[in-house]
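Below is one structure, written out as structure tokens; the observations come after it.
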Amino acid sequence: MAMQRIEILGVPVDVCKPEELETDLLDILLRPGTKQILFLSVWDLIRARKSGSDLNQCLKSADMIIPVSKSIIKAARKLKLPVPVRYNPFHAVINILEILEQHYKSLFILGERQKTLNQAERNLHDTFPNLQIVGRYTGYYPKHMEANVVQAIYKCSPSLVLLSDGIKEKNLWAYNRRNSFNSSIFLYYKDCLGIFAERRKRVSDKTFDRGHEMYLEVIKHPIKIFLIFPYLGFKIRVFWNRIFGKKNRQP
């Protein structure tokens, strides 16, 4: 397997080159049990530094951890680690679905409201005609429907379960139920189904490439401006480890 795992301040991150994504993905598909691919932002990394936290454990058990924040790439470079490839989450999902379609794999979609989910399914079917959509379920479902959702995924045993808005536990949803499934890969991307349904705009490539996507989040949710404090703490920790830390070792 070509993918390499590094650690940034104790948090795992994978170095997965675009030209090796297909090989890595097919390798993960062959593994038994529940698998997970995660998009890692710098905010996730900061929260996951707490040893023993659910997110920390989730990341350590994940099969592929894809960085989506420019700050993670800069941190790896400053710490003189192998530099990961930063992916745009939307483009990464498209690439993953294209690979699965080429190999005639299956998909289960979970999340969003009924109308959005229906439209997303239609558009996915039109875009990836050879990708078999074996099931779907809305997000925001009541607690008593939990067993039905899990059972539906278990019975379908899809190659990929794509989770979107409406799944409260986000990345932890699959991790917390990892013993309830057969052999599926789980991937959470909040905006995914909304974008596929053409009901939500994705971040422009220009904004993403510049690393300015967080500014849009602050505009939507002004309280997020206070994230500047843990972010500064992250920057200081990276600087401290670069100057005074022990030589970085790869797991």
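For reference, positions follow the sequence shown, starting with 1.
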Check: [Y] and [X] side chains under 4.5 Å, non-hydrogen atoms:
X	Y	value
Ile94	Phe128	yes
Ile228	Leu232	yes
Leu160	Lys105	no
Ile37	Leu25	yes
Lys35	Ser184	no
Ile28	Met64	yes
Glu146	Val149	no
Leu100	Leu107	no

Side chain [X], main chain [Y], donor-acceptor under 3.5 Å:
X	Y	result
Gln132	Pro158	no
Glu101	Asn130	yes
Ser69	Ser41	no

Take Arg237 and Arg49 through the test side-chain contact (heavy atoms from CB on, under 4.5 Å) and record every step on the way to the result.
CA-CA 11 Å; Arg237 180 69 66 176; Arg49 291 196 64 243; 3.9 Å; yes
What do the steps show when you test Leu29 against Asp27 for side-chain contact (heavy atoms from CB on, under 4.5 Å), and what is the final call?
CA-CA 5 Å; Leu29 272 171; Asp27 181 86; over 6 Å; no
Provide the closest heavy-atom pair for [X] versus [Y] in the form atom of the first, atom of the second, distance.
X	Y	result
Leu38	Ala62	CD1-CB, 3.1 Å
Ser106	Ser159	OG-N, 3.0 Å
Thr138	Leu117	N-CD2, 3.6 Å
Val11	Leu59	CG1-CD1, 3.8 Å
Cys16	Asp24	SG-OD2, 3.2 Å
Pro12	Arg5	CB-CD, 3.8 Å

In terms of the angle between their ring planes, are Tyr137 and Tyr141 parallel, tilted or perpendicular, with boundaries placed at 30° and 60°?
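The rings of Tyr137 and Tyr141 stand perpendicular, inter-plane angle above 60°.
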Between Tyr189 and Phe39, how do the two ring planes meet: parallel, tilted or perpendicular, split at 30° and 60°?
perpendicular
Say you draw a straight line from [atom1] of [X] to [atom2] of [Y]; how long is it, rounded to the nearest 0.5 Å?
X	Y	atom1	atom2	answer
Ser204	Asn88	OG	CG	9.5 Å
Ile96	Leu131	CD1	CG	12.0 Å
Arg86	Ile72	CZ	CD1	9.0 Å
Cys192	Leu187	SG	CG	7.5 Å
Glu20	Lys17	CD	NZ	5.5 Å
Ile109	Ser164	CD1	OG	9.5 Å

Check step by step if salt bridge (charged side-chain N to carboxylate O under 4.0 Å, His left out) holds for Arg31 and Asp63.
CA-CA 10 Å; Arg31 300 176 189 175; Asp63 297 86; 2.6 Å; yes
Check the side chains of Asp14 and Gln4 for a donor-acceptor pair under 3.5 angstrom, ignoring hydrogens and angles.
no
Indicate whether the side chain of Thr34 and that of Tyr175 have a donor and an acceptor atom separated by less than 3.5 Å.
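Judged by distance alone, the side chains do not pair up.
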Electrostatic pair [X]:[Y] at N-O distance under 4.0 angstrom:
X	Y	answer
Lys60	Glu7	no
Arg199	Glu112	no
Arg200	Asp165	yes

In sequence, state the C-alpha distance, the side-chain angles, and the governing distance for Lys70 and Asp209, and then conclude on salt bridge (charged side-chain N to carboxylate O under 4.0 Å, His left out).
CA-CA 8 Å; Lys70 218 168 190 178; Asp209 291 342; over 6 Å; no
Over 12 non-hydrogen atoms of neighbours within 6.0 angstrom of NE2 in His91
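Yes - once you tally the heavy atoms of other residues, nucleotides and ligands closer than 6.0 Å, there are more than 12.
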Verify whether the ring centers belonging to Phe186 and Phe181 lie closer than 6.0 Å.
yes
Determine whether the aromatic ring centres of residues Phe108 and Tyr154 are separated by less than 6.0 angstrom.
no
Assess the residue pair Phe208 and Tyr87 against the criterion (side-chain contact (heavy atoms from CB on, under 4.5 Å)); give the C-alpha distance rounded to whole Å, side-chain angles, the decisive distance to 0.1 Å, and a yes or no.
CA-CA 10 Å; Phe208 182 83; Tyr87 284 76; over 6 Å; no
Start with the C-alpha gap between Asn118 and Arg136, add the side-chain angles, then the distance that decides, and say whether side chain to side chain donor-acceptor pair (under 3.5 Å) holds.
CA-CA 9 Å; Asn118 290 345; Arg136 58 188 173 88; 2.8 Å; yes
Grouping I, L, V, M, F, W and Y whenever their side-chain heavy atoms are under 4.5 Å apart, do Leu193 and Ile133 come out in a common cluster?
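Leu193 clusters together with Ile133.
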